[in-house]
Structures are given as structure tokens and as C-alpha cells.
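Working notes, beginning with the structure itself.
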Amino acid sequence: MTSLSPKKTIAVIVGTRPEAIKLAPVIRSLQASKTLQPLTISTSQHAEMTAQIFSSFGITPDLDLRVMRPRQSLWDLTALLSTSLGELFNGNRIDAVVVQGDTTSAFVGGLCAFYHKIPVAHVEAGLRSHDRYSPFPEELNRVMLSRLANWHFAPTDFSASLLRAENIPEDSIFVSGNTVVDALQWMISHSTPSHLPAGVPENPQLILVTCHRRENIGAPMRSVALAIKHLSAMHPEIHFLFPLHPNPSVRENVRPVLVDQPGISLCEPLNHDEFLSALRQSRFVLSDSGGVQEEATALGKPVLVLRRETERPEGVTAGTLRLIGTDVQDIIRETENLLTNPAAYESMTNGSNVFGDGHAAEHITRILEEKLNPPAPARASEPRIAAFDLMH
Ligand code: UD1
Ligand code: UDP
């Protein structure tokens, strides 16, 4: 894989669905650069879901490390990623590595780049819950990436301030906006609105649901499913659409409670254009997803967040997100409130560009161009004092 191009090679590491979505605009922007070229490395931590997203964005990875195994432990995944990425970086000319967010692919990508003394650019830097076990293991993945990275692309002023509070050097922090907004705008302008999946009635009062976080697997996820079942029985006018994450542990908790229930559609993960279409047609969202919180904020769709904390407080301040946790009664109460209290609902629909203006990827590429192609240093002027000294 030796490159003869004079352009600098930027390895972009993509492991999971949200990384594929949030790095697609960066890959496209690097493809348009005069001095940089992307090398898109899919680790396939998520196999089916990243393939789906790459195809939606028209991106073909240059390499696929195929690390996904069924029911893989974090330590096995870490070991496989480390061996594969370590070998890849060894002996190939890679001028910088781009990682995104807080997944195991991102963390190990940053670590292996460091072992090879390749500079690391961290996209979506500075998010913090300040709870090491929630989200798990993401909180520590991103904290460790902040130690490993050379350049930190913070989505907001707030995330930049959290990096400064951890003594990350000021001249390595760049507020770029979140690339999720670039991806959202691109997908909306490059696709036609999709039909809702089969089984979802025409013109329903739609509530979109996603739930996948490790810390919600088990009792919290069953509690979410139970709340949805109750709500559906109480409100036949509404329809729940719940695309299921492929993680078998998610399905084992959700399907037994909700399968074949009237008013509830469980489905496979939707293509990104289909998901955004469903989001735009929905009345509101129940979700523990990070990316969905950002997209819904950009679109002005209320989200009842199935978590007790968020590393995206900007969306709470903007009014779109409300943290409700996973207790059955809390979910029922908060959902009923949005269904029956128009003022409460309206107050969450304003939308906000707090997560970005859609130009984050351009910004990131421009900074990388500057960092990797520094202007030639001006020729040093003659050492006049030394010459003067010699004369005397
Ligand atoms: C991962 C990330 C999480 C991110 C989420 C996005 C880590 C530790 N976690 O969590 O930060 O929010 O992705 O969705 O990096 N699986 C499939 N097919 C797929 C994808 C996953 O079968 O397309 C299975 C895997 O085999 C695995 C399980 O789902 O057994 C969990 O996948 P994993 O990547 O370990 O963690 P996620 O919970 O998906
Ligand atoms: N998404 C999708 N299809 C689906 C569900 C989600 O394309 O069926 C997209 C969604 O628009 C968002 C991203 O997946 O951009 C969020 O990924 P996920 O919830 O898996 O991870 P997180 O953001 O929580 O890390």
C-alpha cells in the first residue's frame, strides 16, 4: 500500500454506524483536498450497519479489517483491533490518523497511531458525562483519546471549554461544529423522502424509538419496552416505530415484550435516509442514542432521552432534549405530557444549530491541510551580532 501521490495520506478509521455517518463528510472533504487524500479504513466493528451507511453516502472503504465477531467482548475486540491496526500502520506511509468520538475502534485507532508516532486528529472531542461507567466504555475512551490526540476538533464552545479544563493545549483545540449536521444536510439534499416501513399506518402519530447503550441492556431496556407497551395500550392513536440495533442482547430484551403488539413496529436498522425521513415525520423521539440527540436538535424534534446524564447538554439548554432515564413510570408520565400538553410539546420544537452549521468537515480539512503542509520557514537572516563580534 505504498503511495506515490505527493498528497499526504490521512487514514480515517471507521468502526461503527455513527462513525460512518459522522466521518462521511470528512472523507468527502478530504477527497476534494489539493494536498491531502483519505485512506478510509473500515474496521467493521459493526459489519452490516457500516456497510449500509457507506452505501447510503456512496463511499467505498479502501480497506476492511473485518474485526466483528458475534457477541464479542470489549477486550477481544480491543486485541483484534490493536493487532490489525498496528500491522497496518507499520511500514505504510500514513501522515495522520483521524478518529471520531468514543468507540473502541476510535480509541484503539488513536493508540496504535501513537505507537507509530503518527499524529492523531480527534473529531467530536471534548464530550464528557464525568461518569466513568456511563456511557460505558465510551466516557473513558474519549478521555483517553484526549490524551492521545494532537488536534482536537470540538463540536461546540462548551466541549472546547471542557478540554481546556483538562489542560489540553489551547493551540491544539479547534471548534469545528459537529459533522453530524453536515451529514444530515447532505443526506436530506441527496435523497427523496422515504415511505415509512411496512406495517406503519399512513399519517400515524409516530413516536420513533431507539435504544442500544450497554448500560441500558438488561432491566433498564426491559423497562423501556414495558413503558412502550403500556403507552400503546393507552393511546391507540399513536404508533411506535422501533428499529432494533443488531446487538443480540438488545433484541433479547426488547422483542419478548413488544413483538406482534398492535401499534408497535419493530424493524431492522433503517438506511440512514429512511431513518431521517422517519425522524422528520415523527412527533417526537424516545432514545438513548448520541447521534439521534444531535440530529433531532438540528431538526427541532423533541427527544425524551432514556438516560440520566448526557454529554450533549447544549441540546437540553436549547430545549429539544429532556433527560428522563429508564424508569417505567417516568417514561409513561413524560410521554403522556408531550402527547397531551401542547405547550410542553411546542416548547421543545424550536430546533437549534447549537451542534453545527453544516460546515464542520470543511473546517477540519482546512486545519489538517495547514498542520500537515506548513509554509516553508522564512530563511534566517544573517546573525548580525555574531558578525559584529567577529570584527572586534
Ligand atoms: C458500539 C459502540 C458505541 C456506539 C454504538 C453505536 C463501543 C464499545 N461501543 O456499541 O459507542 O454508541 O456502537 O451503535 O465501541 N453487531 C452485529 N451487527 C452490526 C453491529 C453490531 O451483529 O452491524 C453485534 C456485534 O457482533 C456485537 C454487538 O452487536 O456482538 C455489540 O456491538 P459493539 O460494537 O461491541 O457495541 P455496540 O453496543 O454496538
Ligand atoms: N440511525 C440510522 N438507522 C437506524 C437508527 C439510527 O441510520 O435505524 C442513525 C441515526 O440517524 C444516527 C446514528 O444512527 O445518525 C446514531 O447511531 P447509534 O444510535 O447507533 O450510536 P450513537 O450515536 O449512540 O453512538
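Hydrogens, waters and symmetry mates play no part in the numbers below; they use all other heavy atoms, side chains included. First listed ligand is number 1; within each ligand, the first listed atom is number 1.
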Would you say the side chain of Ile324 lies within less than 4.5 Å of the side chain of Val305, judging by non-hydrogen atoms? no
of all protein heavy atoms, closest to atom 5 (C) of ligand 2 is Arg17 NH1, 3.2 Å
Residues Ser44 and Asp64: side-chain donor-acceptor under 3.5 angstrom: yes
Strictly under 6.0 Å, is that where the ring centroids of His235 and His230 end up? no
Would Leu270 and Val250 show up in the same hydrophobic cluster when neighbours are defined by side-chain heavy atoms closer than 4.5 Å? no
Indicate, as side chain, backbone, both or neither, the part of Pro137 found under 4.0 angstrom from ligand 1 when only non-hydrogen atoms are considered. side chain
Among all protein heavy atoms, pick out the one at the shortest distance from atom 16 (C) of ligand 2; state its residue, atom name and that distance to 0.1 Å. Ser289 OG, 3.5 Å
Checking heavy atoms under 4.0 Å, the part of Leu74 that sits near ligand 1 is side chain
Should you measure from each heavy atom of Leu270, which atoms of ligand 2 turn up under 4.0 Å away? 2 (C), 3 (N), 4 (C), 7 (O), 8 (O)
Would a distance-only check, ignoring hydrogens and angles, find a side-chain to backbone donor-acceptor pair under 3.5 Å from Thr179 to Asp182? no
With a cutoff of 4.0 Å, is Arg213 in contact with ligand 2, counting heavy atoms of the residue only? yes
Gln72: numbered ligand 1 atoms lying under 4.0 Å from its heavy atoms: 30 (O)
Under 3.5 Å, is there a donor on one side chain and an acceptor on the other for Ser287 and Thr210? yes
Are any of the N/O atoms on Gly290, whether in the backbone or the side chain, positioned under 3.5 angstrom from an N/O atom of ligand 2? yes
Among all protein heavy atoms in this structure, tell me which lies nearest to atom 25 (O) of ligand 2, with the distance rounded to 0.1 Å. Pro18 CG, 3.4 Å
Going by distance alone, is a donor N or O of one side chain under 3.5 Å from an acceptor N or O of the other, for Thr35 and Asn373? yes
Numbered atoms and elements of ligand 2 in range of Pro243, under 4.0 angstrom, heavy atoms: 8 (O)
Is it the side chain, the backbone, both or neither of Pro18 that has a heavy atom closer than 4.0 Å to ligand 1? side chain
Hey, looking at atom 2 (C) of ligand 1, which of His245, His46, Glu138 has the closest heavy atom? Glu138
Of the listed options (Arg213, Met68, Arg17), which comes nearest to atom 22 (O) of ligand 1 when hydrogens are ignored and any heavy atom counts? Met68
Which of these, Arg214, Glu48, His212, has its nearest heavy atom closest to atom 4 (C) of ligand 1? His212
Shared ILVMFWY cluster between Val292 and Val180, side chains joined below 4.5 angstrom? no
Between Pro119 and Trp151, is any pair of side-chain heavy atoms under 4.5 Å apart? yes
Atom 23 (O) of ligand 2 - nearest protein heavy atom and its distance: Gly291 N, 2.7 Å
Would you kindly specify which portion of Thr16 sits under 4.0 Å from ligand 1, judged on non-hydrogen atoms: side chain, backbone, both or neither? side chain
What protein heavy atom sits nearest atom 15 (O) of ligand 2, and how far away is it? Glu295 OE2, 2.5 Å
Closest protein heavy atom to atom 9 (C) of ligand 2, given as residue, atom name and distance to 0.1 Å: Ile21 CD1, 3.6 Å
Atoms of ligand 1 less than 4.0 Å from Arg69 heavy atoms? 26 (O), 30 (O)
How far is atom 7 (O) of ligand 2 from its nearest protein heavy atom, and which residue and atom name does that atom have? His272 ND1, 3.1 Å
Would you kindly check if the NZ (Lys) or CZ (Arg) of Arg283 is within the cone defined by 45 degrees around the ring axis of Tyr345 and under 6.0 Å from the six-membered ring centre? yes
